Amino acid sequence: MTRGIALFRYSLTRLLMAPLMLWLISSLVFLLVRVAPGDPVDAVLGTRASPAAREAMRARLGLDQPLLNQYFDFVNGLFHGDLGNALSNQEPVSGIIARTLPASMELGISALLIASLLGLMVGFLGIFRPEGKLDLLGRIYGIGTYALPPFWAAMLVQLLFAVILGWLPVGGRFPPGEVPPDGTGFLLLDSILEGNWSALNGALRHLLLPASTLGFLLSGIFSRSLQLNLSRTLRSDYVEAARSRGLREKDVIVNHALPNSLLPVLTIAGITVASLIGGALLIEVTFSWPGIALRLQEAINQRDYPVVQGIVVVVAALVVFISVVVDLLVAALDPRVTY
Amino acid sequence: MGFVFKSNLIRSAPLSYRIARWGALILIFYLLAAFITPFLSLVGFLPDPNQGLNNPIYAPPSLSHWCGTDRLGRDVCVRTLEGSGVALQVVLLAVTFAVFVGVPAGMISGYLGGAIDRMLVVIMDTLYTMPVLLLSVVLAFLLGRGILNAAAALCVVYVPQYFRVVRNQTAQVKAELFIEAARSIGAGPLWIMRKYLFRNVITSIPVLLSLNAADAVLVLGGLGFLGLGLPESVPEWGSDLNMALTALPTGIWWTAFFPGLAMFGLVIALSFIGEGLEAWISSVNYSERIRPVQN
């Protein structure tokens, strides 16, 4: 009963914090973009444009307004899902995001699946013989996957499997010249829904290298945290009690220690999403995967500030949302969490 | 239970120390490269990292160019060695900034409490939630290119980590008797923070420092790879890798392989050191905790 109330209060404060964080992030991005050196009008028109053209451009972008009015327009737009238009081609930023986000999510979800499977497997292997060869390898695996620069790993994988062996395509998301299936924007899902097996094959072949590279790089976080949690759990009193009752070490680990060590891994999975996005940014650029991160890089190179601003705000919102969901999930699942 | 803990610890310490020793050795190699390469370029023993007009372009590794040349005929080995100094410089600056901002902010927030504390915590938590690379990409995009600019873009990312650790530790130590004793003989907040709190709350900083330095090498490389960070005239591993990306499909591997390997090695070294420090600090804490029981 009291736990129920406490859980409810915790969830409520956590949920109320989320909009506050979002507001802080978007205001910060807005302010940073405005105070930064470099005139966005110069970026579009070049420095040799006539003063009249520059003024017209300023008025159209709302840059002639006082900062406070610009800010209210920006916040008002956010509430209506309006993130402004791209400087380069006038396309609404919300449209750009809606078009590119599914590709990134497809890559991210596949990578997260691969990472958790691979990472939990590796982390579990080292536990039976602490300080043994497998434990050492597990530790080196954890540091190694973290220390690999994502783009470098991606380039080596590309070189080996696409250039030298020629098994898989170098980059992109779909075989060039073929028409990708329509629908949700998730190509795997769409091809399955249409029953278009050749499209599924093409999409899978393109997804395989980027997703497994990203998954491999992130798997170290999972293996390391499972290892740490397991070794901590194995020192606790209830495990000692199970051992002293004469249970076999294997049963102690699998039935008693493992379930309790898996829960913190869920928290890790939530935190990983943030590094997943950082990694995905670089992986997308390396494999020219047409997701939100590739578009962000393009916008950076064009100094297209509404697109940069919009993508950052949306990605930040996603991260905040996921971290809240994970926190609530852990609080609901783990009776030991107190607030 | 106590026995299990202890035996685990005794066996685990040497492994972590060995790992830390390897890390320190590799780091010394990078420091040597950082100091000696510019000197050797200056006296003409090594070619200038930005000079390549007389060389063949995209020459594979050979006796005259051990790691080959890039698309402008520049020597990949020399550029990779030069990159070590640049990376170490930016990373050192970035984490130093972060410590100098994060530690005092954390102490003030933790010691004073109240509205300032709550405000700072919300701001820092918000920054902490953001993906590291995304945040520094935005900052580097806005600050422009340059060694100081890149360091500033990186430092903002790490400030919240020091803030969190120091703030929580301060809030804990604040309740100890010796702080109350100091206060009762009339010590002001500044004096207490400097004389009594500081040494007690900085124990976990070295670990964080080396791990953040490792992370910063990766983020700096990521910025360079995305076309941000340092000026184009500075040889930097990330931007060299970006240049290598276009040549990769034709099978030119050397322009990509060597800068990436150098980056990988430096991150490994710093992470190893962090790992060792962590084991050492936790073993010190552990032995302090059990001393009264043993005597």
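The shown structure was predicted, so the numbers you read here are calculated from the model rather than taken from an experiment. Order of the sequence lines sets the chain letters (A, B, ...), proteins ahead of strands, with each chain counted from 1.
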Could you check which of A/Val320, A/Thr286, A/Asn301, A/Val29 has the highest count of heavy-atom pairs closer than 4.5 Å to chain B?
->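 Ranked by contacts with chain B, first place is A/Thr286.
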Top contributor to chain B contacts, counting heavy-atom pairs under 4.5 Å, from A/Leu282, A/Val239, A/Ile164 =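 The candidate making the most pairs under 4.5 Å is A/Leu282.
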Tell me, side chain or backbone of [X] under 4.5 Å from chain B's heavy atoms, or both, or neither?
X: A/Val308; value: side chain
X: A/Leu22; value: neither
X: A/Leu28; value: side chain
X: A/Ile25; value: both

I'd like to check [X] versus [Y] (side-chain heavy atoms, cut-off strictly below 4.5 Å). Are they in contact?
X: A/Leu15; Y: A/Leu328; result: yes
X: A/Arg295; Y: A/Ile292; result: no
X: A/Tyr146; Y: B/Val267; result: yes

Heavy-atom proximity to chain A below 4.5 Å, by part of [X]:
X: B/Leu211; answer: backbone
X: B/Asp125; answer: both
X: B/Val132; answer: neither
X: B/Leu241; answer: both
X: B/Leu270; answer: neither

Carboxylate-amine/guanidinium proximity below 4.0 Å for A/Arg224 and B/Glu275 =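 Answer for the salt bridge query: yes.
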B/Tyr30 side chain to B/Leu266 main-chain N or O, any donor-acceptor pair under 3.5 Å?
->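 Yes.
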Quick one: sort the A/Phe151 and B/Phe225 rings into parallel, tilted or perpendicular, breaks at 30° and 60°.
->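 It falls in the parallel class, under 30°.
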Who among B/Pro249, B/Ser136, B/Gly274 has the most heavy-atom pairs with chain A under 4.5 Å?
->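 The option with the most such pairs is B/Pro249.
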When B/Val157 is tested against each of B/Val219, B/Leu135, B/Asp215, B/Asn212 for side chain to side chain contact (heavy atoms under 4.5 Å, CB included), which residue passes?
->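 Of all the options given, the one that passes is B/Leu135.
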